[in-house]
2 protein chains.
Amino acid sequence: MPYLLRTVPDPEPLDCRILTAALELFVDRGYHNVSVHDIQKRAGVSIGSIYNHFGGKEGVARALYDHLLMELDELIDIVEQEVGGLRAQCNAMIRRLFGFTETHRYMIAFVFDAKHTEFLSESVPINRTRPFVRLLGKITAAIKAGELKPIAPVVAYTLIFGSCVRLVNLRLDGLIDDPLMAYFDELTDTVWAGLATAD
Amino acid sequence: MPYLLRTVPDPEPLDCRILTAALELFVDRGYHNVSVHDIQKRAGVSIGSIYNHFGGKEGVARALYDHLLMELDELIDIVEQEVGGLRAQCNAMIRRLFGFTETHRYMIAFVFDAKHTEFLSESVPINRTRPFVRLLGKITAAIKAGELKPIAPVVAYTLIFGSCVRLVNLRLDGLIDDPLMAYFDELTDTVWAGLATAD
DNA sequence: GTCTATATCCAGATAGAC
DNA sequence: GTCTATCTGGATATAGAC
């Protein structure tokens, strides 16, 4: 077929189509309310292909999960190269998280809004995965270094990220109408005001 | 039978047995990984009874959900009668939440750790339910009254309760070894330090 | 109201042609 | 590798005895 007649863009690779279809369905309906047939229909592929590529529904979910956690981990790398100091790095993470909540809604919802242990057999709680353990580690180090008030690291961790993840949840659930960036300064200023060292 | 020979205590009413059995199973395995047969076996009743009392699995979950939300709402009543001022009231709520996390693990987990919209048809997100809307309302009023720094109420809401709910999640997931009360002072002091009015 | 036995349905998974 | 057609298990739900 002549090149100029090819009005249709190159189709996405089959496994990508499966993953995006599954991601949207899992987030919209919840993992257990989605069947392999649903994924197959939405992705426009056959059941056989899904089993060939991923071994089944759980395999699709696991591929998504691993991939997204890896991307989150790489995000920490990027932020670490960009700026220094815990406060600046955390703020940069939060800024990106808020941004992605608007632009990559499904990915954020799948990572931060799902109970993975309920559908991924032998998966650890998300707070034990690499990126989250890493963040907690950075906070622990910063407290040791006197960058933060000397409190239990896990308390600082939940203050910084627990509150902003909750904002993300509220936004994804439609309880907040404005893009989250509208709240960025208020949130971070207030958090860090509380966490600042006394002197 | 002579009274003194009745070593066995009066059996719990049948519907209570069903509810407690279901609660534990839902929390331990997740709603969708529990069958009506599982509940029936653990409660020591027949399938028929479950359908008679609750109309099915979803009915059991809804009864649990409604009941626990009502109790949470009553808890706010109690706290309001006990103390005055937003800070004292919120702290009292958090103190009780932390206490219940140790003593009523399953109830807390079912309310704060489950995605109810995935198994209760036409249920609103938990943050739209009465107790949570009420808390947000109290924060809004306190900001208007100058009790808190003038920031968006939803930001104050997530700072106060988002962080402490995240601590509860971490505790329930086994990522925190100590009872949460160990962190109460650090958490609340830090939060309110950030939220205090400037003057 | 409570129980057992049974019916019905649908999801996950596979077989085998192409 | 991709597809369609099919199998099988297990879940919800019901029927009907007690």
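Letters go in sequence order (proteins before strands), and every chain restarts at 1. Every heavy atom of this structure was used, including side-chain atoms; hydrogens, water molecules and symmetry mates were not.
- Atom CZ of B:Phe54 and atom C1' of D:dT12 are 17 Å apart (whole Å).
- Applying the 4.0 Å criterion to OP1 and OP2 of C:dC10, one finds that A:Ser35 has every side-chain N and O outside that range.
- With respect to the salt-bridge test (charged N to carboxylate O, under 4.0 angstrom), the residues A:Glu102 and A:Arg171 qualify.
- Shown here are the side chain to side chain contact (heavy atoms under 4.5 Å, CB included) partners of A:Asn52, two or more places apart in sequence or in another chain: there are none.
- For the atom pair NZ of B:Lys149 and CG of B:Leu159, the computed distance is 8.5 Å after rounding to the nearest 0.5 Å.
- When the P atom of D:dA11 is taken as reference, atom CG of A:Asn33 falls 16 Å away, rounded to whole Å.
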Taking only distance into account, with no hydrogens and no angle test, what donor-acceptor pairs under 3.5 Å do side-chain atoms of residues 112-119 of chain A form with protein atoms, sequence neighbours excluded?
from	atom 1	to	atom 2	distance (Å)
A:Asp113	OD1	A:Asn169	ND2	2.7
A:Lys115	NZ	B:Asp113	O	3.4
A:His116	NE2	A:Phe110	O	2.8

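- For the OP1/OP2 pair of D:dA11 and a distance below 4.0 Å, the side-chain nitrogens and oxygens of B:His32 include no atom meeting the criterion.
- Atom CD1 in B:Ile50 sits about 12 Å away from atom C1' in D:dT12, given to the nearest Å.
- In this structure, the NZ atom of A:Lys41 is 15 Å from the P atom of D:dC3, given to the nearest Å.
- Between the CD1 atom of A:Ile176 and the OG1 atom of B:Thr158 there is a distance of 7.0 Å, given to the nearest 0.5 Å.
- Residue B:Tyr31 contributes atom OH, which lies 13 Å from atom P of D:dA11 at whole-angstrom precision.
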* So B:Asp38 and B:Lys57, salt bridge (charged side-chain N to carboxylate O under 4.0 Å, His left out) or not? Walk me through it. -> CA-CA 11 Å; B:Asp38 294 330; B:Lys57 189 168 80 157; over 6 Å; no

* Do nucleotides 13-18 of chain C as a string where each nucleotide becomes B, S or -: B if the base has a protein heavy atom under 4.0 Å, S if just the sugar-phosphate does, - if no protein is that close. => BB----

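- Rounded to whole angstrom, the span from the CG atom of A:Asp38 across to the P atom of C:dG12 amounts to 8 Å.
- D:dA13 atom P lies 15 Å from atom CD of B:Gln40, rounded to whole Å.
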